[in-house]
Amino acid sequence: IYSLLSSIVSVIVFNFLFTEPRYTLLAYDSGYPVTFVVMFIAAFITASLAVKLKSHARISAQAAYRTKVLFDTNQLLQRAEDNDEIIAVTAGQLVKLLNTDIIVYPAADGKLGEPHIFTIDGEAPDADYTSDNEKAVAGWVLKNNKHAGATTDTLSSAKCLYLSIRVNHNVYGVAGIVIKEGPPDAFESSIMLSILGESALAMENEKNYKEKEET
């Protein structure tokens with residue numbers, strides 16, 4: 001829209017200031033209409049290309065930022081010393097990536113633990129995000145090892161999108177993504193699943209380490 005308007009205005013300004021008679025919108029020369037059409041087309045194409053370049057630059061910057069979040073997650077998880085720290089790193093990186101609140105339920109012996117809540121502004125989240133109904137959806141995800149909740153076809157009345165933190169069939173927790181506007185786009189979803197996968201691997205390594213220590 002802005003490209004179209006700026007193209008029209010540029011032609012009008014050229015006609016008003018630089019064609020005889022000046023300071024009017026009249027044009028006596030028969031060649032001027034063709035000039036105006038060519039000017040309009042050139043201006044519109046140039047503006048459209050500028051818009052596309054700006055859009056591509058923004059998308060590239062977003063992709064670079066999201067990839068950096070994934071790379072940083074890998075490094076931070078390698079330094080994590082226990083499951084609580086792994087959960088904190090995972091949730092913190094998801095907050096950065098998705099710009100929304102995150103709720104993580106650790107799992108042990110097939111049961112959900114108490115939720116770990118991480119918010120953008122550090123304030124207490126809406127109580128509805130940890131209601132019995134939301135916990136029931138998280139429990140279904142733990143049991144069935146599938147996505148559920150908001151933006152899915154399963155238990156879609158939930159306020160959060162729930163995903164399992166898993167390695168193969170071993171589920172180490174459930175992450176709840178608070179959906180405020182719309183679902184994550186395809187690229188965000190791929191990065192999000194990669195972060196959850198890295199988190200699950202870190203939890204499995206921690207579990208194996210503890211078992212070896214006990215042995």
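Since the structure is predicted, the reported quantities are computational estimates derived from the model, not experimental observations.
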Side-chain contact, heavy-atom cut-off 4.5 Å: Glu134 with Ile103?
-> no

Can you measure from CZ (Phe187) to CD1 (Ile59) and round to the nearest 0.5 angstrom?
-> 11.0 Å

With sequence neighbours left out, the residues meeting salt bridge (charged side-chain N to carboxylate O under 4.0 Å, His left out) with Glu20 are Arg22

Looking only at atom types and distance, does a side-chain atom of Ser55 sit under 3.5 Å from a main-chain N or O of Val51, one as donor and one as acceptor?
-> no

Does any N or O in the side chain of Ser60 come within less than 3.5 Å of the main-chain N or O of His56, such that one atom is a donor and the other an acceptor?
-> yes

Would you indicate whether the side-chain heavy atoms of Val104 and Thr90 approach each other to under 4.5 Å?
-> no

Value rounded to 0.5 Å, distance of CG in Asn74 from CZ in Arg79 | 10.0 Å

Less than 4.5 Å apart, any side-chain heavy atom of Val137 and any of Val174?
-> no

So do the side chains of Leu163 and Met192 get within less than 4.5 Å of each other, counting heavy atoms only?
-> yes

CG of Leu94 to CG of Asn99: how many Å apart, nearest 0.5 Å?
-> 12.0 Å

Would you check if the side chain of Asn205 reaches a backbone N or O of Leu201 as a donor-acceptor pair within less than 3.5 Å?
-> yes

So, the side chain of Asp82 versus the backbone of Asp84: is there a donor-acceptor pair under 3.5 Å, distance only?
-> yes

Go through the structure and list residues passing salt bridge (charged side-chain N to carboxylate O under 4.0 Å, His left out) with Glu188, not counting sequence neighbours.
-> Arg66

Of all the heavy-atom pairs spanning Ala47 and Ser6, show the shortest one and how long it is.
-> CB-OG, 4.4 Å

Only distances under 3.5 Å count here; give the side-chain donor-acceptor pairs of residues 141-155 to other protein atoms, sequence neighbours excluded, each with its distance to 0.1 Å.
{"from": "Asn144", "atom 1": "ND2", "to": "Trp140", "atom 2": "O", "distance (Å)": "2.9"}
{"from": "Asn145", "atom 1": "OD1", "to": "Ser164", "atom 2": "OG", "distance (Å)": "3.0"}
{"from": "Asn145", "atom 1": "OD1", "to": "Arg166", "atom 2": "NH1", "distance (Å)": "3.0"}
{"from": "Asn145", "atom 1": "ND2", "to": "Asn168", "atom 2": "O", "distance (Å)": "3.4"}
{"from": "Thr152", "atom 1": "OG1", "to": "Gly149", "atom 2": "N", "distance (Å)": "3.1"}
{"from": "Thr152", "atom 1": "OG1", "to": "Gly149", "atom 2": "O", "distance (Å)": "2.6"}
{"from": "Thr152", "atom 1": "OG1", "to": "Thr154", "atom 2": "N", "distance (Å)": "3.3"}
{"from": "Thr152", "atom 1": "OG1", "to": "Thr154", "atom 2": "O", "distance (Å)": "3.0"}

Do Phe36 and Thr19 touch side chain to side chain, with heavy atoms closer than 4.5 Å?
-> yes

Determine whether more than 12 heavy atoms belonging to other residues, nucleotides or ligands lie under 6.0 Å from atom CD of Gln75.
-> yes

Side chain to side chain, Leu97 and Gln93, heavy atoms closer than 4.5 Å | no

Asn83 and Glu206 side chains, donor-acceptor separation under 3.5 Å = no

Calculate, to the nearest 0.5 Å, the distance between atoms CG and OG belonging to Leu70 and Ser194 respectively.
-> 5.5 Å

More than 12 foreign heavy atoms under 6.0 Å from CD of Glu81: is that the case here?
-> no

How long is the gap from CG on Asn208 to CD on Glu213, to the nearest 0.5 Å?
-> 12.0 Å

Mind telling me whether Tyr162 and Tyr105 have parallel, tilted or perpendicular rings, with 30° and 60° as the class edges?
-> tilted

